[in-house]
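Below: the structure, in structure tokens.
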Amino acid sequence: MRLLLLLAPGMLASHFLCAQDPVFSQFYSAPLQLNPAFAGSAIAPRVGMIYRHQWPNLDNAYRTYNAYYEQPLDRLNSGIGFQVEGDNAGNGLLKGTRVSALYAYHLPVGKRYLVSIGLEAGLRQSTINWSKLVFPDQIDAVNGNVYQSGELPPANNANTTFDASAGLLLISEEFWIGASLKHLNTPNESFLLVNNNLNGGLPLRYTAHAGTDIIVKKGNKGKPDAFLSPNLLFTSQGPYQQINAGAYVGVGALQTGVWYRHTFGNADAVIAMAGVRQGIFKFGISYDLTVSGLTGYTGGAYEVSLGLLFDQQKSAQTRKKRVDWSDCMHMFR
């Protein structure tokens, strides 16, 4: 009930509300959500999904999923992708669904580098369950929530908007670095003030990310390399910023990873991940251990990811052509 009371004023004053995108701890398991320039970056068609359950102790406060498909178009030096994302906040109080298509152009620079420029366009729909809101006029000091609220629901409990994003990515054998801008048109997601200019819309989301692969031991007879892959993520949206720093470690079919997330106002979480990569199949599970003042109250967060990379069907000639830049990112493989 306390959570709903805190959320209700924010819903009513939606023209002052700054929404924030969900950010996955396993951010490279949702590559198209991270950066549109990743469309077609793998050596073959790839499909994947990820599910995040955040703060489960607070009545299923936040649940998010992302599913995607992408593939390279080698003859056109391009890649395409499609993704769908769902977000459930407040145990069904506020829901969001996003569907988008992506295109990326891949520009080789010499023999060692590739620049990818990506664009994304899609639709976002937000819905609010007014019956789950609790307002102050419903509360009795002794008996709690017993009265009918005098607050009137919005005329429309769903809002659908167009959304556009763009990204840039530089890939080499040794490293990759990228940046993306989400919500270029700052879509208005308000329910009460959809046509009111007071609402500035969904804030731009700025993201920068980078990483490198360090091969510890080459795999023999087609077995995966043993590797260490440090990586960094910075994202900013409205008044919120966060940075994730850590590394993947892979030995044989096993992969692990550890990251630290800092939100610039306070330490947030330590993230531990473990997974398996076998053939075209990849599976990962992670847990966010809260280290902020919310420790012991939220239950942290966990994620489960699944990916399939259909590279077994690629010819030796195509594989040789793409190996210089595509095979460096082991977390995608």
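Just the heavy atoms: all of them, side chains too, but no hydrogens, waters or symmetry mates, feed the values below. Being a predicted model, the structure only gives us computed values, none of them experimental. One-based numbering along the sequence shown.
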Tyr105 OH to Asn77 CG distance, which is reported to the nearest 0.5 Å
5.0 Å
What residue pairs, at least two apart or across chains, pass ring pair (Phe, Tyr, Trp, His ring centres under 6.0 Å) with a residue in residues 40-61?
His53-Tyr302, Trp55-Tyr62
Going from CD on Glu303 to OH on Tyr65, what distance comes out if it is rounded to the nearest 0.5 angstrom?
15.5 Å
Please report the interatomic distance CD(Glu174) to CD1(Ile215), rounded to the nearest 0.5 Å.
11.0 Å
Pairwise side-chain contact, Tyr113 with Phe175, heavy-atom cut-off 4.5 Å (strictly under)
yes
Can you check whether Leu34's main-chain N or O pairs, donor with acceptor, with Ser180's side chain at less than 3.5 Å?
yes
Could you please spell out the steps behind the side chain to side chain contact (heavy atoms under 4.5 Å, CB included) verdict for Leu232 and Ile243?
CA-CA 7 Å; Leu232 184 70; Ile243 187 166; 3.8 Å; yes
Donor-acceptor side-chain pairing of Asn231 and His209 below 3.5 angstrom
no
Look at the aromatic rings of Tyr248 and Tyr28 and report parallel, tilted or perpendicular, splitting at 30° and 60°.
tilted
Which class fits the ring pair Phe264 and His262: parallel under 30°, tilted 30 to 60°, perpendicular over 60°?
tilted
Side-chain donor/acceptor of Gln237 to backbone N/O of Asp21, under 3.5 Å
yes
Could you walk me through whether Asn188 and Leu202 pass the side chain to side chain contact (heavy atoms under 4.5 Å, CB included) test, one step at a time?
CA-CA 6 Å; Asn188 189 331; Leu202 188 62; over 6 Å; no
Quick check on the hydrophobic clustering: are Val47 and Ile280 connected, directly or via other members, by side-chain heavy-atom contacts under 4.5 Å?
yes
Closest approach of Gly40 to Glu70 (non-hydrogen atoms, all atoms of both residues)
N-OE1, 2.5 Å
Taking all atoms of both residues into account, what is the closest heavy-atom pair of Asn35 and Ala179, and its distance?
ND2-O, 3.3 Å
Can you confirm whether the side chains of Gln83 and Gln33 place a donor and an acceptor under 3.5 Å from each other?
no
Going by heavy atoms in the side chains, are Phe283 and Ser305 under 4.5 Å from each other?
no
Hey, any chance Val216 and Leu254 share a hydrophobic cluster, counting ILVMFWY side chains that come within less than 4.5 Å of each other, even indirectly?
no
For Pro22 versus Arg205, what's the shortest heavy-atom pair and its separation?
O-NH1, 3.8 Å
Please check if the side chain of Ser41 supplies one atom and the backbone of Ala39 the other of a donor-acceptor pair under 3.5 Å.
no
Closest heavy-atom pair, Gly92 versus Asn88, reported as atoms and distance to 0.1 Å, is N-OD1, 2.6 Å
Would you call Arg52 and Ile50 a side-chain contact if the rule is heavy atoms closer than 4.5 Å?
no
Take Leu114 and Val109 through the side chain to side chain contact (heavy atoms under 4.5 Å, CB included) test and state the conclusion after the steps.
CA-CA 5 Å; Leu114 179 131; Val109 179; over 6 Å; no
What's the spacing between Ser100 OG and Leu119 CG if we round to 0.5 Å?
12.0 Å
Enter the distance from Lys111:NZ to Glu173:CD here, rounded to the nearest 0.5 Å.
12.0 Å
Could you check whether any side-chain heavy atom of Gln241 comes within less than 4.5 Å of a side-chain heavy atom of Thr235, counting everything from C-beta outward?
no
CZ-OG distance between Arg112 and Ser172, expressed to the nearest 0.5 angstrom:
6.5 Å
Within the structure provided, determine whether Tyr68 and Leu32 are in side-chain contact (heavy-atom separation under 4.5 Å).
yes
Return yes if some donor-acceptor pair links the side-chain N/O of Thr161 with the main-chain N/O of Pro187 below 3.5 Å, else return no.
no
Determine whether a donor-acceptor pair (N or O, by modelled atom type, separation under 3.5 Å) exists between the side chain of Asn185 and the backbone of Ala164.
yes
With respect to Lys95, which candidate in Asn129, Thr127, Ile128 satisfies the side chain to side chain contact (heavy atoms under 4.5 Å, CB included) definition?
Thr127
Can you confirm whether Val23 sits close enough to Gln242 that some side-chain heavy atom of one is under 4.5 Å from a side-chain heavy atom of the other?
yes
Side chains of Ile80 and Tyr69: closer than 4.5 Å at any heavy-atom pair?
no
Thr64 side chain vs Asp87 backbone, donor-acceptor pair below 3.5 Å
no
Do Ile117 and Ile177 belong to the same hydrophobic cluster, where Ile, Leu, Val, Met, Phe, Trp and Tyr are linked whenever their side-chain heavy atoms lie under 4.5 Å apart, directly or via other members?
yes
Would you say Leu233 and Thr207 make side-chain contact, with heavy atoms under 4.5 Å?
yes
Taking side chain to side chain contact (heavy atoms under 4.5 Å, CB included) as the test, write out the residues that go with Ile271, two or more places apart.
Ser25, Asn244, Trp259, Arg261, Ser286, Asp288
Do Leu76 and Leu107 sit in the same hydrophobic cluster, where Ile, Leu, Val, Met, Phe, Trp and Tyr count as joined when their side-chain heavy atoms come under 4.5 Å apart?
yes
With side chain to side chain contact (heavy atoms under 4.5 Å, CB included) as the criterion, how do Phe38 and Leu169 come out once you've worked through the C-alpha distance, each side chain's angles and the decisive distance to 0.1 Å?
CA-CA 7 Å; Phe38 276 123; Leu169 181 66; 3.4 Å; yes
Looking at every heavy atom in both Ala253 and Gln278, which two are closest together, and how far apart are they?
CB-OE1, 3.4 Å
Could you work out the complete set of other residues in the hydrophobic cluster of Leu204, with links drawn between I, L, V, M, F, W and Y side chains under 4.5 Å apart?
Leu181, Leu184, Tyr206
Are Phe310 and Leu306 grouped together when hydrophobic residues (ILVMFWY) are joined by side-chain heavy atoms under 4.5 angstrom apart?
yes
In short, Ala30 meets Phe24 closest at the heavy-atom pair CB-CD1, 3.9 Å
